[in-house]
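Written below as structure tokens is the structure these notes are about.
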Protein chains: 2
Amino acid sequence: MEVQLKRGSLEVCVLASLLREDSYGYKIIQSLQNVVEISESTLYPILRRLEASDCLKFYSVEHNGRLRKFYSITDKGKDRIKEYLQDFQELMNIFNYIAKEVRNDD
Amino acid sequence: MEVQLKRGSLEVCVLASLLREDSYGYKIIQSLQNVVEISESTLYPILRRLEASDCLKFYSVEHNGRLRKFYSITDKGKDRIKEYLQDFQELMNIFNYIAKEVRNDD
DNA sequence: TATAATACTATACAACACATAGTATGAAAT
DNA sequence: ATTTCATACTATGTGTTGTATAGTATTATA
């Protein structure tokens, strides 16, 4: 999948993955494996951005002598998801336009 | 519409707008007005990129004493559109995942 | 005579996906 | 016993792209 097309979706994808239950970096990547390929170097900056914009908060839990950061979605994060769903409708319009022009071209 | 979500779509949108007939900058913006908001500062760099990647070629036509650049889509440009349509299917998977998680959360 | 529409170029910026590399622990495999 | 793998996170740097802003220049309209 072309890189640019993912933009804006990955962030919301991460948020959505936290709706069921709190989770941490490594596990988020695994839980999203069937949906979209996302690497560490992509995920962790996303987590920091989402936290900075109050869409996520986190707490640390000790695990094997080390701290594991559990992320939890906030109300603002849930609003962010709804905005995305609306924006995606507009993107669907663009897609439909392109698909229509292609059909006309045949 | 959030900026990031547009990425990768605008370019293909411009290509698709040239399937019916050759066109030039100003007219492309107008013909896309109902589909997506695209400004001059967005369109002209896109046109240059598409030309650099051989997805478009152009020819100049004199109009009122000035040259007007008419753009014409190439076979490579048409292939690019088809790639986009496929990639968009993957993006739909992401969208469906997010929508599903939201439904589960209610 | 000023404004709007037409038509394009140039420069600079911020966001984001991603590569690469580094740090550190415990478990499994050879 | 030592390497490898899975886990878990941080830091730095890069390229693409949408967009703001500004500049240039012509013709038509108010």
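The analysis underlying the following values was restricted to heavy atoms, covering all of them including side chains, and did not include hydrogens, waters or symmetry mates. Chain naming here is simple, since letters A, B, ... match the order of the sequence lines and numbering starts at 1 in each.
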Whole-Å distance between C/dA5 P and B/Gln30 CD?
10 Å

What is the distance, rounded to the nearest whole Å, between atom CZ of A/Arg48 and atom P of C/dA15?
16 Å

Shortest non-hydrogen separation from B/Cys55 to B/Leu15 and the atoms involved
O-CD2, 3.8 Å

Separation of B/Ile29 atom CD1 from D/dG18 atom C1', in whole Å?
13 Å

Is a donor on one side and an acceptor on the other found under 3.5 Å between the side chain of B/Asn96 and the backbone of B/Met92?
yes

Dump the pairs, protein N or O against N or O of nucleotides 27-29 of chain D, anything under 3.5 Å, distances to one decimal.
none

Across nucleotides 17-23 of chain C, 5' to 3', mark each nucleotide with B, S or - according to how protein heavy atoms within less than 4.0 Å reach it.
SBBB---

Given C/dT6, C/dC8, D/dT10, identify the nucleotide with an atom nearest to the side chain of A/Lys69.
D/dT10

Salt-bridge contact A/Glu11-A/Arg80 (side-chain N to carboxylate O under 4.0 Å)
yes

Expressed in angstrom and rounded to an integer, what is the separation of B/Leu5 atom CG from D/dT17 atom C1'?
14 Å

Cluster overlap B/Tyr26 with B/Phe58, hydrophobic side-chain contacts below 4.5 Å
no

Nearest-Å distance, CG (B/Leu43) to P (C/dA10)?
15 Å

Can you tell me the distance, in whole Å, between the CZ atom of B/Phe58 and the P atom of C/dC8?
10 Å

In whole angstrom, what separates B/Leu50's CG from D/dG18's C1'?
14 Å

What I want to find out is whether B/Lys27 reaches B/Glu21 closely enough, with some N-O distance under 4.0 Å, to be called a salt bridge.
yes

B/Lys57 and B/Glu51 ion-paired at < 4.0 Å:
no

D/dT10 phosphate, OP1 or OP2, under 4.0 Å from A/Tyr44 side-chain N/O
no

More than 12 heavy atoms of other residues, nucleotides or ligands under 6.0 Å from CD of A/Glu37: is that the case?
no

More than 12 heavy atoms of other residues, nucleotides or ligands under 6.0 Å from CG of B/Asp75: yes or no?
no

On DNA chain C, compare the nucleotides closest to B/Glu2 and B/Tyr71; which residue's is nearer the 5' end?
B/Tyr71

Where do A/Tyr59 and A/Ser72 land on the side-chain contact (heavy atoms from CB on, under 4.5 Å) test, with the steps shown first?
CA-CA 8 Å; A/Tyr59 49 92; A/Ser72 157; 4.3 Å; yes

Tell me: CG of B/Leu47 to P of C/dA10, nearest whole Å?
14 Å

